Student: 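This is the structure, below, for whatever I ask next.
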Amino acid sequence: MTTKRSAMTSVPSTAAKKARHWSLGLLDSMKDPNSIVKKTERVVVIKDKYPKAKIHYLVLPHEDISSIYKLDKSHIRLLEEFGSVYKELNESAEVELKAGFHAVPSMQRLHMHIISRDMISPCLKTKAHWNSFTTKFFRPYEDVLQELKKDGLVKKMPPEIHKNFMAAPIKCNQCSYEPKNMPNLKEHLLSHTKK
DNA sequence: GTTCTAGAAC
DNA sequence: GTTCTAGAAC
């Protein structure tokens, strides 16, 4: 299939503006009809552009909130809507999905991951990818909500702790296997889907 | 967040 | 010699 995209986007311009920083990319994805799964008055659900499992969605608020660390008690309703969206998607999925936030997100605009546990995807490539979903670097939705309700904010963990999680040896999320490297892990994960 | 790739690990 | 990881990106 051919595309007209290149002709439409490669507009040479002497007044070309500097490209938007990569960390703002989610703002574009939120507007992309091909990415959008569901949209409500307060939130939008999109498919992750580089999914790390067979099912991988992101829930984002329309409101300009950069991360969980900007939340206060006024956002509890908003976060509860994240939960409703999660519940809905989880019930319609054929497998159990988990919901949570990265302790140190790379992308701006608050986003909650909703992801299946298989972790089978060509986009899963690095130890950091793996550990960001399978260690405490991944902060479960329910925990974040409870902390916000209790303390009125979500506390950051010390950077050394986060570094330790990311540097931790890779371990299977479905059994006790400890792969030697990422290709080894990816091969191993396939065995958990066979019947 | 991804891409690229040097050099470590095997 | 090949595979794999990890750091730079102006």
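Keep in mind that this is a model prediction, so the values were computed, not measured. Sequence lines set the chain letters: A, B, ... in the order given, protein chains first and strands last, and positions in each chain run from 1.
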Student: Across the strands shown, which category fits A/K125 at heavy-atom distances under 4.0 angstrom: base, sugar-phosphate, nothing?
Tutor: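 Here A/K125 touches the backbone only, sparing every base.
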Student: With sequence neighbours left out, write down each residue that passes side chain to side chain contact (heavy atoms under 4.5 Å, CB included) with A/D143, or none if nothing qualifies.
Tutor: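 Result, side chain to side chain contact (heavy atoms under 4.5 Å, CB included) vs A/D143: A/P140.
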Student: Which ring-ring contact (aromatic ring centres under 6.0 Å, His included) pairs, counting each pair once, include a residue from residues 58-85 of chain A, with sequence neighbours left out?
Tutor: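 Sorted result for residues 58-85 of chain A: empty, none.
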Student: In terms of side-chain geometry, is the basic nitrogen of A/K87 or A/E80 positioned less than 4.0 Å from the acidic oxygen of its partner?
Tutor: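 No, A/K87 and A/E80 are not salt-bridged.
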Student: Does the plane of the ring in A/F137 sit parallel, tilted or perpendicular to the ring in A/H102? Use 30° and 60° as the thresholds.
Tutor: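 Tilted: the ring planes of A/F137 and A/H102 meet at 30° to 60°.
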Student: 5' to 3' on DNA chain C, which nucleotides open and close the contacts with chain A (atom under 4.0 Å from a heavy atom)?
Tutor: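 From 5' to 3', the first and last contacting nucleotides are C/dC4 to C/dT5.
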Student: Before accepting this row, confirm whether a basic side-chain N of the pair A/D28/A/R20 lies closer than 4.0 Å to the acidic partner's carboxylate O.
Tutor: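 Yes, A/D28 and A/R20 are salt-bridged.
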Student: Yes or no on ring pair (Phe, Tyr, Trp, His ring centres under 6.0 Å) for A/Y177 and A/H192, after CA distance, side-chain angles and deciding distance?
Tutor: CA-CA 11 Å; A/Y177 185 59; A/H192 283 296; 8.8 Å; no
Student: May I ask you to list the residues of residues 168-187 of chain A, by number, that have any heavy atom positioned under 4.0 Å from an atom of DNA chain C?
Tutor: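 DNA chain C contact set from residues 168-187 of chain A: A/N181, A/M182, A/P183.
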Student: Using a 4.0 Å heavy-atom cut-off across all strands, classify A/H21 as base, sugar-phosphate, or nothing.
Tutor: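 Nothing, no nucleic acid heavy atom in range.
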Student: Under 4.5 Å side-chain heavy-atom separation, chaining through any Ile, Leu, Val, Met, Phe, Trp or Tyr, what else clusters with A/L24? Say none if it is isolated.
Tutor: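 Taking Ile, Leu, Val, Met, Phe, Trp and Tyr as members, A/L24 shares its hydrophobic cluster with A/W22, A/L26, A/L27, A/M30, A/I36, A/V44, A/I46, A/L58, A/L60, A/M107.
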Student: Please tell me if the side chains of A/I115 and A/K98 come closer than 4.5 Å, counting only heavy atoms from C-beta onward.
Tutor: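 Answer yes - side chains close enough.
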Student: Let's test your reading of the pairing rules: Watson-Crick or G-U wobble, both distances under 3.5 Å, then write DNA chain B as a dot-bracket string with ( ), [ ], | and dots.
Tutor: .|||||||||
Student: Students often get this wrong, so: under 4.0 angstrom with heavy atoms, is A/H111 touching a base, only sugar-phosphate, or nothing?
Tutor: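 No contact at all - A/H111 keeps every heavy atom at 4.0 Å or more from the nucleic acid.
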Student: Would you say A/T40 and A/E81 are linked by a side-chain donor-acceptor pair, where the criterion is simply a distance under 3.5 Å?
Tutor: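 Side-chain D/A pair, A/E81 to A/T40: present.
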Student: I'd like to know if A/E147 and A/K155 make a salt bridge, using a cut-off of under 4.0 Å between side-chain N and carboxylate O.
Tutor: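 A salt bridge links A/E147 with A/K155.
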